[in-house]
Trainee: 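Got a structure for you, written out below as C-alpha cells; questions coming shortly.
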Amino acid sequence: MLEKIQRKDVKITVVGMGYIGLPTSVMFAKAGFNVCGYDVNQDVINTLKSGKIHIKEPDLQQAFEEVMSTGKLVPVEKLGYSDVFIICVPTPFKENHEKRIADLSFVENASKSIAPFVAPGNLVILESTVPPMTTDEIVGSIIERESGLRVNEDFFLAYCPERVLPGRILYELTHNDRIIGSSSVRAREIAEALYESILVTGKVYTTDTHTAEMCKLVENSYRDVNIAFANELSVICDKIGVNVFELIELANKHPRVNILNPGAGVGGHCIAVDPWFIVEKFPEEANLIRTARETNDYKPHWVVKKAEEEIQKRFGGREKDITIGILGLSYKPNIDDLRESPSLEIALLLKEKGYKVVGCEPNVQRDEISNIKNVVLDEILKTADYLVLTLAHDEFKRNIGKIMQKEVLNVIGLY
Ligand SMILES: NC(=O)c1ccc[n+]([C@@H]2O[C@H](COP(=O)([O-])OP(=O)(O)OC[C@H]3O[C@@H](n4cnc5c(N)ncnc54)[C@H](O)[C@@H]3O)[C@@H](O)[C@H]2O)c1
C-alpha cells in the first residue's frame, strides 16, 4: 500500500460529506488520489453532483470545482470497493440532551455500511470526535463481525482526529499537525503516508488508538477548564467589587501566569460538547472536567441574574416596560454560528422571564433569531434602555464609545 500511496494509485472513500468530510475529500483529490464522496443524505449528493457545495467555507467552492473538473472527486450515493475508507460522520449528544451522552449511531451505521466492501489490505480511518475506545470497540468490532476479517491482521484500522477551525478549514487541513492512533504499527505507517501527502507544513505524530482518541477530547477540555477558571473568577470578583479584567491583566504580568478573559459562557459544537465524552466514560474520575463544563454552562444564568439585579436598581418598578438589548447572539466573535451560543441563551432566558428583548447580531442577516428580533447596531442603541454586551465583534469594538454611553452590562470587559 505504501508504494501505491506514493504513486497516488489509491482509491479513497470518504463517508459523510459535511464540514469535515467534504474539505477532506477535496484535499485528497487535489493531492491526486481518486476520491469517492459518499453521504446518506441524497440532497447533499445531488447538490454536489450539480457542481455546488452545500456548506459555507471560504475557497471551498473553487477547490471543489477544480477536483470535480479533473474527475478526481466523485460524489456517490452508493458505496463500493475502495483501498481506504475515512469516516467523518456526526457525533452529537443522544436525543435526551440533558444526559450528555454521545450518540454513536452514525458511527455504527457508517461502519456497518462500509463493512461489506472492506477487503484484505484496506485501511479504515475514523475521524469523527468520539469517546475513548470507540475506534476499536465500535468501528473495529462491527467491521470484524460483518466482514469476517480480522482487524489489523486482514484490514487496518486507525483513528485520526480533526482539529480544523471553521472558516480556515482548507488552510488548517494542510498546516495543522495530525495525530494518528492505531494498535498496529503497519496501520500507523500507512495512515501516516496518506496524511503526509496532503500536508504542507503540518507534521504527523503517531501513537496508539486510545491516546489519539483522548488527545482530541483533552485539547478541547483543556480550553474549557481554562475558560471556566476565568469565568469563575468573574463571578467571585463581582461579589467584592473587583474588576476581573484588571485583575487578570495584572496577574498575567507574572512571567508564568496566563489567565484567559471571562465571557458569557462557552458555545459551539466542540468545546461545549467534547469534554462530556470524557465525563461519560469516567464519571467517577473526571471531576475537574465536569465542573469546568458546569461552571461554563452556569455563566449565562449568572449574566441573566446580574442583568436583572442591575435593571432592578436602575429601573425599579418598571423593569418589564424597558427593552433589553443583547449585543451579540452567536457563540464567538465575528462568526454567524449560533450552536450552543451562551449569548443567545441569555437573550432567550431574559425573554422567558417576561422582559422585552432585542438582539444585534451583525453576522446573521436575518430579522429574527430564535424568536429574538435581530436589529442593526444603530437601531438597538436607539431602542434599548439597557444593553448586555456579550461578544467582542469587530463592529462593537469600532463603536465601543457609542455603546458605552448607554447603560451596559459589559460581560467581556470591552472598552
Ligand atoms: N465541523 C468542525 O469544525 C469539526 C471540527 C473537529 C471535529 N469535528 C467532528 O467531525 C465529525 C463530523 O462533523 P461535521 O461537522 O463534518 O458534521 P456534519 O454534520 O457537517 O456532516 C456529517 C455528514 O455525515 C452524513 N452522514 C450521517 N450518517 C452517515 C452515514 N451513516 N453514512 C454516510 N454519511 C452519513 C450527514 O448526512 C452529513 O452530511 C463530528 O464527529 C465532529 O464532532 C468537526
Side-chain angles (χ1 to χ4, degrees), residues 13-27 35-49 52-58 60 75-80 82 85-94 100-118 124-132 134-135 138-139 142-143 146 159-173 176-179 212-213 215-221 223 267-278 280 331-332 335-340:
T13 298
V14 178
V15 182
M17 286 285 98
Y19 280 91
I20 296 301
L22 178 57
T24 299
S25 309
V26 169
M27 295 322 274
V35 182
C36 286
Y38 168 73
D39 202 290
V40 281
N41 184 337
Q42 188 63 45
D43 290 343
V44 168
I45 296 301
N46 290 345
T47 308
L48 296 177
K49 280 185 170 173
K52 295 260 172 294
I53 61 168
H54 61 296
I55 57 175
K56 221 175 128 186
E57 181 61 30
L60 185 58
V76 293
E77 55 270 281
K78 281 202 176 112
L79 282 164
S82 192
F85 295 88
I86 304 180
I87 301 175
C88 306
V89 296
T91 45
F93 289 134
K94 280 192 176 165
R100 309 286 204 317
I101 302 287
D103 177 358
L104 295 175
S105 62
F106 301 92
V107 173
E108 287 164 6
N109 289 339
S111 309
K112 274 183 208 151
S113 64
I114 62 169
F117 302 101
V118 175
V124 176
I125 299 168
L126 177 64
E127 282 206 10
S128 303
T129 305
V130 290
T134 303
T135 311
I138 296 195
V139 181
I142 289 175
I143 298 174
E146 307 267 323
Y159 180 69
C160 184
E162 202 38 85
R163 304 166 142 169
V164 291
L165 187 70
R168 284 168 53 89
I169 295 182
L170 292 190
Y171 177 85
E172 294 209 351
L173 270 177
N176 287 356
D177 291 340
R178 300 293 302 232
I179 308 298
E213 289 171 328
C215 189
K216 168 70 194 172
L217 303 178
V218 161
E219 289 158 15
N220 283 335
S221 302
R223 301 189 63 210
H269 60 293
C270 285
I271 303 183
V273 174
D274 299 354
W276 288 114
F277 291 179
I278 299 184
E280 168 189 337
Y331 85 83
K332 67 176 183 181
I335 59 161
D336 63 355
D337 197 334
L338 301 161
R339 285 177 292 181
E340 315 278 331

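In this chain, residues are counted from 1 in sequence order. Counting convention: from 1, in listed order, for ligands and their atoms alike.
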Trainee: Could I get the full list of salt bridge (charged side-chain N to carboxylate O under 4.0 Å, His left out) partners for D336, not counting sequence neighbours?
Mentor: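 Salt bridge (charged side-chain N to carboxylate O under 4.0 Å, His left out) check on D336 returns K56.
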
Trainee: Could you list which atoms of ligand 1 come closer than 4.0 Å to a heavy atom of P90?
Mentor: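 The atoms of ligand 1 under 4.0 Å from a heavy atom of P90 are 19 (O), 22 (C), 24 (O), 27 (C).
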
Trainee: Of the listed options (V89, D337, I114), which comes nearest to atom 12 (C) of ligand 1 when hydrogens are ignored and any heavy atom counts?
Mentor: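 Comparing heavy atoms across V89, D337, I114, the nearest one to atom 12 (C) of ligand 1 lies in V89.
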
Trainee: Less than 4.0 Å from atom 17 (O) of ligand 1, is there any heavy atom belonging to the protein?
Mentor: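 Given the 4.0 Å cut-off, atom 17 (O) of ligand 1 does not count as touching protein heavy atoms.
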
Trainee: Under 4.0 Å from any heavy atom of Y38, which atoms of ligand 1 are there?
Mentor: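 Once the distances to Y38 are compared, the set is 32 (N), 33 (C).
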
Trainee: Please state whether C88 comes within less than 4.0 angstrom of ligand 1, counting heavy atoms only.
Mentor: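 Heavy atoms of C88 do come under 4.0 Å of ligand 1.
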
Trainee: Which residues pass the salt bridge (charged side-chain N to carboxylate O under 4.0 Å, His left out) test with E57, not counting sequence neighbours?
Mentor: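 Listed in chain order: nothing, the list is empty.
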
Trainee: Among all the protein's non-hydrogen atoms, which is closest to atom 31 (N) of ligand 1, and how far away is it?
Mentor: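 The closest one turns out to be A110 N, 3.6 Å.
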
Trainee: Using a strict cut-off of 4.0 Å, indicate which atoms of ligand 1 neighbour a heavy atom of G18.
Mentor: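 Within the 4.0 Å cut-off of G18, ligand 1 contributes 16 (O), 18 (P), 20 (O), 21 (O), 23 (C).
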
Trainee: Measure H269 to ligand 1 on non-hydrogen atoms and call it side chain, backbone, both or neither using the 4.0 Å cut-off.
Mentor: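 Under 4.0 Å from ligand 1, H269 contributes side-chain atoms alone.
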
Trainee: Closest by any non-hydrogen atom to atom 24 (O) of ligand 1: pick that one out of G268, G16, G37.
Mentor: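 Nearest option to atom 24 (O) of ligand 1, by heavy atoms: G16.
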
Trainee: Which of the numbered atoms in ligand 1 are below 4.0 angstrom from a heavy atom of N41?
Mentor: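 Selected atoms, number and element: 37 (O).
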
